[in-house]
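Count residues from 1 along the sequence. Since the structure is predicted, the reported quantities are computational estimates derived from the model, not experimental observations.
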Amino acid sequence: MTESPRCLCICADDFGMSAGINSAVLDLAEKGKISAASGMVRREAWLAGARLLRRLEPAEFDTGLHLDLTRPAHAGGPEPGLGGLLARTYTRTIFAPGLQADILDQLTRFEDAMGRAPAFVDGHRHVHQFPVVRELLVEEISRRYPSSPPWVRNTAPGWRHGPDSLKARVIHTLGGARLAALAARRGIPTSSRLLGVYDFSGDMERHQQRLSEWLSACRTGDVLMCHPAAGIMPGDPHSGARLHEYTALRALALGVGQYSGIALAPLSRCLKRG
């Protein structure tokens, strides 16, 4: 018997952050190189991009909310460090009513722009798994979408080799297991593992090597996150890496050659198959 191909979701993060990111994500989606995108509804390029995202068939492409809790003080400005949010959530001194209002506002903005609920929710800089955030988020998902909740991104590492594995483990340690357990108790589906974690360093050849390693390691239900952009965004320290990711993904050919055992699909479909 022929073994079924592994069902992989490749998700482009940070949609809405800039026109260059939007352009790359839409191009990759139209070319069938990615199967999901995660939108930042409080960023300046979101509304213009969302109008174009709505043209994609929801059954063929997952569009979700990229929960954004470290926004710049002004458009185009630098993002604040993550340390302050980490400290306030881990000590549970964060103002919970304000955080709850922010989560509700972002979900509403997504629904207003897309005309539907998000297919999934994850977090910019993985904030969706932090203490307090995860409890409020899971509670709101359960309340808002009781019969058909969106899936939530699990940060369990899908690649445990080489120098990037430490960063992947640290990310998961910041609350991934507790978020997954909390979601399971409330009947909210989650992805299996997370691929695509790295330090944004290296040239094009190094990124292609990483991509090959992640794809070789993937299993059905995993998410391979990516951060493509079609141009340089002033002030973005990861612009070079974003361009490498975009170029590598445009050249990617799943289902043939060394990747013949991998089928690209939105995670919503992979979860149903699993």
Step by step, work out the disulfide (SG to SG under 2.5 Å) result for Cys7 and Cys270. CA-CA 6 Å; Cys7 183; Cys270 295; 2.0 Å; yes
Go through the steps to decide whether Lys33 and Asp27 satisfy the test salt bridge (charged side-chain N to carboxylate O under 4.0 Å, His left out), and finish with yes or no. CA-CA 9 Å; Lys33 305 295 185 177; Asp27 178 54; over 6 Å; no
Side chain to side chain contact (heavy atoms under 4.5 Å, CB included) evaluation trace for Asp68 with Val41: CA-CA 8 Å; Asp68 183 14; Val41 301; over 6 Å; no
Test salt bridge (charged side-chain N to carboxylate O under 4.0 Å, His left out) on Asp199 and Lys167 and set out the steps. CA-CA 8 Å; Asp199 63 0; Lys167 181 177 179 180; over 6 Å; no
Given side chain to side chain contact (heavy atoms under 4.5 Å, CB included), test Ile188 with Leu182 step by step and report yes or no. CA-CA 9 Å; Ile188 297 171; Leu182 185 61; over 6 Å; no
With side chain to side chain contact (heavy atoms under 4.5 Å, CB included) as the criterion, how do Leu215 and Leu254 come out once you've worked through the C-alpha distance, each side chain's angles and the decisive distance to 0.1 Å? CA-CA 9 Å; Leu215 291 169; Leu254 293 183; 4.0 Å; yes
Step by step, work out the salt bridge (charged side-chain N to carboxylate O under 4.0 Å, His left out) result for Asp222 and Arg6. CA-CA 9 Å; Asp222 289 349; Arg6 291 167 286 167; over 6 Å; no
Determine, step by step, whether Ser192 and Arg219 satisfy the side chain to side chain donor-acceptor pair (under 3.5 Å) criterion, reporting the C-alpha distance in whole Å, the side-chain angles of both residues, the deciding distance to 0.1 Å, and the verdict. CA-CA 8 Å; Ser192 297; Arg219 303 173 189 165; over 6 Å; no
Residue pair Asp102, Arg42: steps toward the salt bridge (charged side-chain N to carboxylate O under 4.0 Å, His left out) verdict: CA-CA 10 Å; Asp102 198 353; Arg42 298 288 299 275; 3.6 Å; yes
Carefully, step by step, assess Val152 and Asp122 under the rule side chain to side chain contact (heavy atoms under 4.5 Å, CB included). CA-CA 6 Å; Val152 173; Asp122 58 29; over 6 Å; no
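Applying the ring pair (Phe, Tyr, Trp, His ring centres under 6.0 Å) test to every pair with at least one member in residues 63-92, sequence neighbours left out, gives these pairs: His66-His124. Screening residues 168-183 for side chain to side chain donor-acceptor pair (under 3.5 Å), with sequence neighbours left out, gives Ser165-Arg169.
A single hydrophobic cluster is seen to contain both Phe15 and Leu52, as judged by linkage of ILVMFWY side chains at heavy-atom distances under 4.5 Å, directly or through other members. Neither Phe200 nor Met204 shares a network with the other; the hydrophobic side chains, linked directly or stepwise wherever heavy atoms of I, L, V, M, F, W or Y lie under 4.5 Å apart, form separate groups for each. Note: the hydrophobic cluster containing Leu47 also contains Leu65 (ILVMFWY, side chain heavy atoms under 4.5 Å, direct or indirect links). When the side chains of ILVMFWY residues are joined at heavy-atom separations under 4.5 Å, either directly or via intervening members, Phe95 and Val132 end up in two distinct hydrophobic clusters. In the hydrophobic clustering of this structure, Leu104 does not group with Val127; members are Ile, Leu, Val, Met, Phe, Trp, Tyr whose side-chain heavy atoms approach within less than 4.5 Å, directly or through other members.
Legend: residues meeting side chain to side chain contact (heavy atoms under 4.5 Å, CB included) with Arg206, ordered by chain and number and at least two apart, are Asp164, Asp203, Gln209, Arg210, Glu213. The side chain to side chain contact (heavy atoms under 4.5 Å, CB included) search around Ala37 returns Val25, Phe61, not counting sequence neighbours. Under the rule for a side-chain hydrogen bond (donor to acceptor under 3.5 Å, both in side chains), the partners of Glu139 that lie at least two apart in sequence or sit in another chain are Arg186.
Residues Leu224 and Cys218 have side chains not in contact (no heavy-atom distance under 4.5 Å, counting atoms from C-beta outward). With contacts defined as side-chain heavy-atom distances shorter than 4.5 Å, the pair Pro157/Val197 does not qualify. Looking at Cys226 and Glu245, their side chains come closer than 4.5 Å, going by heavy atoms from C-beta outward. The closest side-chain heavy-atom distance from Thr155 to His128 is below 4.5 Å. Annotation: side chain of Cys11 is in contact with side chain of Phe120 (closest heavy-atom distance under 4.5 Å). Proximity of Gln258 to Ser212: side-chain heavy atoms (C-beta onward) are separated by under 4.5 Å at one or more points. Side-chain atoms of Leu174 and Leu86, non-hydrogen and from C-beta on, do get closer than 4.5 Å to each other. A heavy-atom distance below 4.5 Å is found between the side chains of Arg92 and Pro131.
Under a 4.5 Å side-chain heavy-atom criterion applied to ILVMFWY residues, the cluster that includes Val170 comprises Leu166 as well.
Here the NE2 atom belonging to His126 is positioned 12.5 Å from the CG atom belonging to Leu179, to the nearest 0.5 angstrom. Between atom CG of residue Leu69 and atom CD of residue Glu79 there is a gap of 11.0 Å, rounded to the nearest 0.5 Å. The distance from atom CE of Met225 to atom OG of Ser38, rounded to the nearest 0.5 Å, is 10.5 Å. Atom CD1 of Ile34 sits about 8.5 Å away from atom CG of Leu264, to the nearest 0.5 Å. Here the CD1 atom belonging to Ile21 is positioned 13.0 Å from the CH2 atom belonging to Trp46, to the nearest 0.5 angstrom. The distance from the CE atom of Met40 to the CZ atom of Arg109 is 13.0 Å, given to the nearest 0.5 Å.
No side-chain donor from either of Glu140 and Tyr145 sits under 3.5 Å from a side-chain acceptor of the other. In this structure, a donor-acceptor pair under 3.5 Å is present between the side chains of Trp151 and Asp62. A donor and an acceptor atom, one from each side chain of Asn154 and Ser191, are nowhere located under 3.5 Å apart. With no hydrogens or angles considered, a side-chain donor-acceptor pair links Arg144 and Thr108 at under 3.5 Å. No hydrogens or angles considered: nothing links the side chains of Arg153 and Thr190 as a donor-acceptor pair under 3.5 Å.
Looking at Thr247, its side chain does come within 3.5 Å of a backbone N or O of Leu243 through a donor-acceptor pair. Listed for the Glu60 side chain is no donor-acceptor partner under 3.5 Å among the backbone atoms of Glu57. Side chain of Arg134 to backbone of Gln129: a donor-acceptor contact under 3.5 angstrom is found. Between the side chain of Arg269 and the backbone N or O of Ala265 there is no donor-acceptor pair closer than 3.5 Å. The backbone N or O of Leu85 sits less than 3.5 Å from a side-chain atom of Thr89, completing a donor-acceptor pair.
The aromatic rings of His161 and Trp159 lie perpendicular to each other, with more than 60° between the two planes, well past the 30° mark.
Cys9 and Ser35 make their closest contact through CA-OG, 3.4 Å (heavy atoms, listed as atom of the first residue, atom of the second, distance). Summarising the geometry of Met17 relative to Ala45, their closest heavy-atom pair is C-CB, 4.3 Å, with the distance given to 0.1 Å.
Aromatic rings from His227 and Tyr246 are positioned such that their centres are separated by 6.0 Å or more.
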